[in-house]
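Report on the structure given below.
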Amino acid sequence: GAGVSQSPSNKVTEKGKDVELRCDPISGHTALYWYRQRLGQGLEFLIYFQGNSAPDKSGLPSDRFSAERTGESVSTLTIQRTQQEDSAVYLCASSLSRQGAEKAFFGQGTRLTVV
Amino acid sequence: AQSVTQLGSHVSVSEGALVLLRCNYSSSVPPYLFWYVQYPNQGLQLLLKYTSAATLVKGINGFEAEFKKSETSFHLTKPSAHMSDAAEYFCAVSGAGSYQLTFGKGTKLSVIP
């Protein structure tokens, strides 16, 4: 596609429910990143995928968070047993190469509200 | 380890006035520095970046930033604010060639007609 696409754009869920957030990277981009942006905070790195290499999960805040990506395609970020502090905008980015950050293009984000 | 501090969560300027958004960083390795802009309901867009070439970096929409190693700063400026500049601006740092960005908390810029 022309850009990084994320869905849904908005999600309201009840505390304790599981949610799945989807990211479609730019075609051909081997690297994919997830960031979280909580109100009044900067973006926090969550996870990084590069091709078929083992992902860097060092930013995931708890074991309730997980992410998958098959090859160089779509990624899903799953949050289990959501809590109110999970409310944030979740941003996905992709880039052509592992050299990275300066080459990344960001999606519009998914705004998650846990009530 | 890296960190970014943006001074002022909210800055207001009059249309036509100078825009100055401050960013200080700390990094244990030579840094790459970035400014991103986020318009309402849109994704982050790269404004400009410093990657160890010229210290004065020009970006889109008339913005520029100067890397000052002695001051560990990378302030964003624009000589004359336009209404369309109203947005949230994020400063970020990464290690050279690293994939991980460390962001500041952001500065919301308001432009008063």
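All chains are named by letter (A, B, ...) in the order of the sequence lines, taking the proteins before the strands, and each is independently numbered beginning at 1.
- For A:Phe49, there are no ring pair (Phe, Tyr, Trp, His ring centres under 6.0 Å) partners at least two apart in sequence or on another chain.
- Using a 4.5 Å cut-off between heavy atoms, A:Gln37 contacts chain B through its side chain alone, with no backbone atom that close.
- By the criterion of side-chain heavy atoms lying less than 4.5 angstrom apart, applied directly or through intervening Ile, Leu, Val, Met, Phe, Trp or Tyr residues, B:Phe34 is not grouped with B:Ile60; the two fall into different hydrophobic clusters.
- Tracing side-chain contacts under 4.5 Å through hydrophobic residues (I, L, V, M, F, W, Y), one never reaches A:Phe65 starting from A:Tyr48; they form parts of separate clusters.
- Here the closest non-hydrogen pair linking A:Gln41 and B:Phe90 is O-CE2, 4.3 Å.
- Connection of A:Val114 to A:Leu39 is not established within any shared hydrophobic cluster, with ILVMFWY side chains joined at heavy-atom distances below 4.5 Å, either directly or through further cluster members.
- Crowding of A:Gln83 atom CD: a count of heavy atoms from other residues, nucleotides or ligands under 6.0 Å exceeding 12.
- Cluster membership check: B:Phe103 shares its hydrophobic cluster with B:Tyr32, using side-chain heavy-atom separations under 4.5 Å among Ile, Leu, Val, Met, Phe, Trp and Tyr.
- By the 6.0 Å contact criterion, CD on A:Glu85 is enclosed, its count of non-hydrogen atoms from other residues, nucleotides or ligands being greater than 12.
- Side-chain atoms of A:Tyr35 come within 3.5 Å of backbone atoms of B:Leu101 as a donor-acceptor pair (strictly under, hydrogens ignored).
- The candidate with the highest count of non-hydrogen atom pairs below 4.5 Å against chain B, out of A:Leu91, A:Val4, A:Asp56, is A:Asp56.
- At a 4.5 Å heavy-atom cutoff, the contact between B:Gln38 and chain A is made by side-chain atoms alone.
- Along residues 104-113 of chain B, the residues that come nearer than 4.5 angstrom to chain A, judged on non-hydrogen atoms, are B:Gly104, B:Lys105 in order of number.
- In this structure, A:Leu60 is a member of the same hydrophobic cluster as A:Tyr90, with clusters built from ILVMFWY side-chain heavy atoms closer than 4.5 Å.
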